[in-house]
Peer 1: 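Mind looking over this structure? Questions follow.
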Amino acid sequence: MFMFLRCLKVLIFGFSISTSVMAELMIEITKGSDSALPIAIVPFAKQGGLTVPEDIARVISNDLQRSGDFDTLATSRMLSLPSAMEQIHYRDWRLLGQNYVLVGQVSYDAGTQRFRVQYELVDVHGQKRLIGEILSAPGSGLRKLAHLIADKVYEAITGVRGAFSTKIAYITLKNLAGGKQEYRLQVADADGQNAYTLFKSHEPILSPAWSNDGQHLAYQSFHSGRPAIYIQHVKSGGQRKVTGFKGLNSAPMWSPDDSHLVMTLSKDGNAEIYTYDLRNNSLDRLTNHYAIDTEASWSPDGKELVFTSDRSGKPQIYRMNLRDRKPQRLTFEGRYNARPRFSVDGKSLYYVHQVNGDFHIAAINMATGENRVLTSTPLDESPSVAPNGRMIIYATNRNDKGVLAVVSVDGGAKYFLPSDYGDVKEPAWSPFLN
Amino acid sequence: MEQDSRREGRIHSRPQDNALNKRHLLASLGLHLIAVIVLAFSWSFSSTPEVVVPKYLEARVATEADLAPLREKKQAEERARQQEADKRRRAQEEKKRQADEAKRRKQEEVKKKEAARKETERKKALMEKKKKEAERKKQEADKKKAEQERERKQEQLEKQRLEKELKERERLERERIEKERQQREQALAERLAQAEAEAERRADEMARQSELAALEASETERYLGLIKRKIENRWHKPPSGEGLSVILAIRLLPTGELAGVRVKLGSGSSALDQSALVAVRSVKKFPVPESTAVFEKNFRSFDMKFTP
């Protein structure tokens with residue numbers, strides 16, 4: 001036995017020597033920088049003292065900066081202003097700590113009366129061009145073109161489609177002289193610019209919702225004297241009334257295929273959730289409970305709904321599979337959880353969550369129940385998710401005024417949208433429009 | 001005779017344990033028995049002279065019967081005389097007959113005796129012969145026995161000698177085997193001792209090496225950590241790369257400058273691959289150990305795996 005052990009010892013010793021010689025070195029990186037990715041958007045060169053109605057580089061830079069994913073370099077810090085890849089001194093940009101440089105130039109074609117915009121996105125460290133093309137637009141389309149370039153840059157670097165060319169709809173409220181109020185349904189670019197009014201009323205307008213093809217908005221309006229749900233064509237402005245039942249007609253949301261609206265009606269005596277088939281104008285009641293059931297929203301796959309109900313005594317969020325129609329409670333933390341919206345991948349919900357008396361936007365993982373608060377402003381409401389899933393627009397209060405704010409889904413970047421017309425609330429982010 | 005037979009019997013009953021002697025003994029016993037019986041008969045004949053006694057008693061009865069008629073006394077006396085005469089005559093005859101008989105008997109007796117003597121002689125001779133034969137046989141047997149005994153003893157001696165030899169051989173064999181076993185054991189012990197010594201030597205060597213290696217490892221660890229932190233600070237995870245990973249092959253110059261980087265195993269997401277490449281290329285100078293050996297071992301080229 002002793003001999004055996006000694007033999008074993010010798011054997012093991014010999015073996016352990018032979019095993020320790022291999023193993024190639026592999027450094028595992030799972031954590032990344034919390035800071036945004038440095039990128040320099042060099043002002044686009046204008047050929048021959050050309051006057052360009054839009055600062056394209058600035059629009060792009062603002063878009064990228066607001067996304068929270070990029071940190072754009074101030075023009076004042078740039079050592080040179082190249083307008084094409086071959087003009088780039090890489091060392092300069094490396095010294096400035098830039099990973100990418102976007103260069104471009106604008107020319108004008110008098111014949112077509114269009115501006116010709118050429119851009120190149122260059123990898124400073126790899127010293128290679130990632131993307132580049134030549135686009136053209138009339139002067140009025142240059143801002144849109146700039147958003148488009150921002151989308152392309154964003155996608156080239158992050159792998160996620162940019163949502164800078166999308167739009168937002170929202171409601172404004174202004175107190176007029178003589179105690180009257182004016183409500184407006186407005187549509188603007190995602191950066192809040194180029195806003196225009198789609199519909200206005202002295203009576204409340206609520207809950208605008210984009211159809212998934214981006215062509216229509218559904219909303220609730222009291223302009224006829226009592227609440228009704230309308231659908232309005234965004235381009236033509238054509239409006240039609242969908243429901244005007246006695247009692248509540250509120251919170252319309254589109255099904256993923258735009259064939260149905262889900263809405264809250266109290267025509268049967270109590271706030272219940274119904275689906276409305278837009279093809280044959282038929283109603284289907286989904287809930288039947290003495291409590292309030294409202295603010296329903298469709299999952300991206302169209303198989304289930306989430307909604308707010310106070311059937312537990314306080315507003316909480318429930319999910320309902322459209323096949324078995326059995327409500328299942330999702331939120332348990334806090335006394336107030338409402339107005340749920342699905343994330344783009346359908347795995348999470350964004351909703352209004354009350355913490356210590358303040359209302360914030362929170363996210364919950366539907367599989368794990370894990371939740372986190374994304375915003376820190378005091379009266380946050382009405383979250384709506386950008387079509388690329390990266391940002392959430394919501395309404396909040398700033399200086400006693402209702403404003404719109406945007407937060408990235410990871411809670412990082414936040415910014416407010418300018419509001420030049422009274423209180424702004426009930427934002428709705430459009431789908432991709434191009 | 002009885003004494004003879006006893007003597008004979010004694011002779012025969014000597015403890016000569018062989019079947020032949022037993023048979024002789026039985027035979028002689030039988031003969032003696034017969035002789036005794038014969039003699040006993042002859043003895044009984046010669047010792048019965050009162051065979052006529054019943055006749056005498058009868059006569060007395062007849063006399064008594066004649067007692068009653070006294071008148072016939074003379075007659076009776078006459079008859080008595082006559083009877084007496086008859087008696088005498090008969091007695092004489094009887095005497096004569098008896099004498100003859102006795103004579104004859106005597107002669108027969110003599111004859112018988114002679115025959116018995118002869119028989120005895122014969123038996124004696126036979127006995128003698130048998131005895132001699134037995135003795136001869138006994139001697140032969142004794143001789144044979146002695147011979148056998150001698151042979152047996154010799155065999156025993158031989159056997160003992162062989163056994164002794166065998167035992168000796170076995171002892172030697174055992175000793176040889178034990179010696180060999182001890183030799184083998186010693187050899188094994190020596191081999192093991194050598195191996196152990198070698199292992200210890202190697203362990204010492206390894207300990208020395210591992211001290212060096214530990215130094216190197218700590219150097220390696222330190223610089224790996226530095227490189228890792230540097231990359232982590234520079235890597236901007238693309239939001240699209242969840243669940244994917246990319247492996248880059250990195251080559252450095254001893255100065256720490258990047259000699260080359262390439263995608264060894266792409267993630268399938270060009271944004272993720274690009275983000276990793278940018279993170280690596282954005283490092284102007286990698287922290288590398290001063291020791292050339294350590295650099296050559298781990299930092300000349302290595303892989304880096306990015307998992308968002």
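Every chain is numbered from 1, with letters handed out A, B, ... down the list of sequences.
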Peer 1: Rounded to the nearest 0.5 Å, how far does CG of B:Leu258 lie from NE2 of A:His125?
Peer 2: 11.5 Å
Peer 1: Examine whether an atom of B:Leu272 lies under 4.5 Å from a heavy atom of chain A, and if so say whether it belongs to the side chain, the backbone or both; otherwise answer neither.
Peer 2: neither
Peer 1: Which one wins on heavy-atom pair count under 4.5 Å against chain B: A:Asp410, A:Leu130, A:Asp69, A:Val124?
Peer 2: A:Leu130
Peer 1: Can you tell if the side chain of B:Arg234 reaches within under 4.5 Å of the side chain of A:Asn99, non-hydrogen atoms only?
Peer 2: no
Peer 1: Would you mind checking which part of B:Thr307 comes under 4.5 Å of any heavy atom in chain A, side chain (CB onward), backbone (N, CA, C, O), both or neither?
Peer 2: both
Peer 1: Contact part of B:Ile227 toward chain A, heavy-atom cut-off under 4.5 Å: side chain, backbone, both or neither?
Peer 2: side chain
Peer 1: If you draw a 6.0 Å radius around CZ in A:Arg91, do more than 12 non-hydrogen atoms from other residues or ligands fall strictly inside?
Peer 2: no
Peer 1: When you look at NZ of B:Lys297, are more than 12 heavy atoms from neighbouring residues, nucleotides or ligands closer to it than 6.0 Å?
Peer 2: no
Peer 1: Other residues, nucleotides and ligands only: do more than 12 of their heavy atoms fall within 6.0 Å of CZ on A:Arg77?
Peer 2: no
Peer 1: Taking all heavy atoms of B:Pro239 and all of A:Thr158, pick out the closest pair and write down the distance.
Peer 2: CD-CB, 3.6 Å
Peer 1: Using the side chain to side chain contact (heavy atoms under 4.5 Å, CB included) rule, take B:His236 and A:Ser35 through it: C-alpha gap first, then chi angles, then the decisive distance, then the call.
Peer 2: CA-CA 8 Å; B:His236 298 277; A:Ser35 62; 3.7 Å; yes
Peer 1: Under 4.5 Å heavy-atom distance to chain A, tell me which part of B:Lys284 shows up: side chain, backbone, both or neither.
Peer 2: both
Peer 1: So does A:Ile29 get a backbone contact from the side chain of B:Lys228, meaning a donor-acceptor N/O pair under 3.5 Å?
Peer 2: no
Peer 1: Which bit of A:Ile157 is near chain B, if near means a heavy-atom gap under 4.5 Å: side chain, backbone, both or neither?
Peer 2: backbone
Peer 1: Side chain from CB out, backbone as N, CA, C, O: work out which of these in B:Val261 comes under 4.5 Å of a heavy atom of chain A, or both, or neither.
Peer 2: neither
Peer 1: Can you tell me if B:Lys237 uses its side chain to pair, donor with acceptor, with the backbone of A:Asp34 under 3.5 Å?
Peer 2: no
Peer 1: Give the minimum heavy-atom separation between A:Arg94 and B:Val283, together with the two atoms involved.
Peer 2: NH2-O, 3.9 Å
Peer 1: So which of B:Trp235, B:Phe302, B:Phe306 has the largest heavy-atom pair count under 4.5 angstrom toward chain A?
Peer 2: B:Trp235
Peer 1: Count the heavy atoms of every other residue, nucleotide or ligand shown that sit under 6.0 Å from CD of A:Glu370, and state whether that count exceeds 12.
Peer 2: no
Peer 1: So which residue, A:Leu37, A:Asp123, A:Val160, A:Val409, ends up with the most heavy-atom pairs under 4.5 Å with chain B?
Peer 2: A:Leu37
